[in-house]
Amino acid sequence: MDTTAIARELNAWYARTARDLPWRAEDATPWAILVSEFMLQQTQVERVLPRWTAWIERWPAPSALAAEEPGEAVRAWDRLGYPRRALWLHRAAVEIAQQHGDRVPADVEQLLALTGIGPYTARAVAAFAFGERHPVVDTNTRRVLARLLHGTAAAGMPSPRDLVDMELLLPDDPAEAAVFNAAAMELGAVVCTARAPRCDACPVAQWCEWRGAGYPDNAPAKRPRQAKFEGSDRQVRGRIMALLRRADAPVSVEDVLAAAAEGGGRDPEQPRRAYDSLIADGLVVEFGDGVRLP
DNA sequence: TAAACGTGGAC
DNA sequence: TGTCCAAGTTT
């Protein structure tokens, strides 16, 4: 396995074809990159683009966001999903403003200490915003590594081995390594896709173990698939959040529970359960005799 | 450690 | 139409 050739070809492909995304621009600030990573967690590029642009324009620095109420972050988050991320991003902005002099830290350990930043995001920010050499492994890269290195149709459960695998291919030069991290993600996102991979467009197809084995249907066991969304507590929580984002004044609990019940679910306790969970998450707060965003 | 956490696009 | 899946993190 010629790891040097793989890195060279993949980076050249990236230089040739990479999507022109604003957080990849030369003048993108570490804060702008950090915001993009929060938004991109479990969320596709196309849906993130308009929210990211508005966000960076409105809050060009962590301190600008930190000066707002958390609910403003939740509102600006709009329908990106998982609104707890908006709360966490606001919290991270406060931490950066107060503890790091309004500068996003470059150190992985310090990034990991920020709210809402885990192993992926910490390394992504260190690599993409500061050019540090780290293996950055997301779901796209895990699939690419699974096929290229292990000859399996899909990745298994996330594991520390993912970082070891990536390190095997990662160029020594930090700048090239940063590009390679982005290129592996890009390949997984646009060519080596989960459903219908476009191997004819793949710059590293000649080294791909899965292809060499004739595309066996050998995907390792994965975590059980997501529960049905229709009728779920998630859906009900989403309804409540949509109502409160729209409201410019506190909403009565009765109205909130009524909106939560609109789907007409079987479980009579579901509206209250969803409401209580939002209170527990801090996404909804009681205010006077009503409720609103925090 | 596994479950919980939104929303929308693709097929 | 229903299922899969998407730049993960937290408790």
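Reminder, nothing fancy here: chain letters follow the sequence lines and each chain counts from 1. Values reported hereafter were calculated over all heavy atoms of this structure, with side chains retained and with hydrogens, waters and symmetry mates removed.
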* To do: Send over the distance from A:Glu230 CD to C:dT3 C1', rounded to a whole Å.
  => 14 Å

* Structure fact -> Residue set satisfying ring pair (Phe, Tyr, Trp, His ring centres under 6.0 Å) with A:Trp13, at least two apart, ordered chain then number -> none

* Using atom CZ of A:Arg85 as one end and atom C1' of B:dT7 as the other, report the distance to the nearest whole Å. => 9 Å

* Structure fact -> side-chain contact (heavy atoms from CB on, under 4.5 Å) filter on A:Arg85, not counting sequence neighbours, yields A:Gln41, A:Thr43, A:Trp77, A:Leu80, A:Tyr82, A:Trp88

* Asked: Does A:Arg133 reach the main-chain N or O of A:Pro171 with its side chain, forming a donor-acceptor pair under 3.5 Å?
  -> yes

* Under a 4.5 Å cut-off applied to non-hydrogen side-chain atoms, are A:Arg292 and A:Glu69 in contact? -> yes

* Partners of A:Ala64 by side-chain contact (heavy atoms from CB on, under 4.5 Å), sequence neighbours excluded? -> A:Trp59, A:Pro60

* To do: Determine the Euclidean distance between corresponding C1' atoms of C:dT1 and B:dG8; express it in Å to zero decimal places.
  => 16 Å

* Return yes if some donor-acceptor pair links the side-chain N/O of A:Gln270 with the main-chain N/O of A:Gly231 below 3.5 Å, else return no. => yes

* Asked: Between C:dG8 and B:dT1, how far is it from one C1' atom to the other, in whole Å?
  -> 16 Å

* Given A:Met166, A:His134, A:Glu186, the one that forms side chain to side chain contact (heavy atoms under 4.5 Å, CB included) with A:Asn181 -> A:Met166

* In residues 153-177 of chain A, which ones come under 4.0 Å of DNA chain C, going by heavy atoms? -> none

* With A:Asp276, which residues qualify under side chain to side chain donor-acceptor pair (under 3.5 Å), at least two apart? -> none

* Classify every nucleotide of nucleotides 6-11 of chain C by which part a protein heavy atom approaches to under 4.0 Å, writing B for the base, S for the sugar-phosphate alone and - for neither, in 5'-to-3' order. => BBBSS-

* Asked: Is a side-chain donor or acceptor of A:Arg123 paired with a backbone partner of A:Pro119 at a separation under 3.5 angstrom?
  -> yes

* Starting at CD1 of A:Ile240 and ending at P of B:dT7, how long is that distance when rounded to a whole Å? -> 11 Å

* To do: Could you give the distance separating C:dA7 and B:dA4 at their P atoms, to the nearest angstrom?
  => 23 Å

* Structure fact -> Atom CD of A:Glu46 and atom C1' of C:dC5 are separated, to the nearest Å, by 13 Å

* Asked: Contact class for A:Arg237 (heavy atom, under 4.0 Å): base, sugar-phosphate, or nothing?
  -> sugar-phosphate

* Send over the distance from A:Lys228 NZ to C:dT1 P, rounded to a whole Å. => 13 Å

* Atom CG of A:Asp78 and atom C1' of B:dT7: how far apart are they, to the nearest Å? -> 11 Å

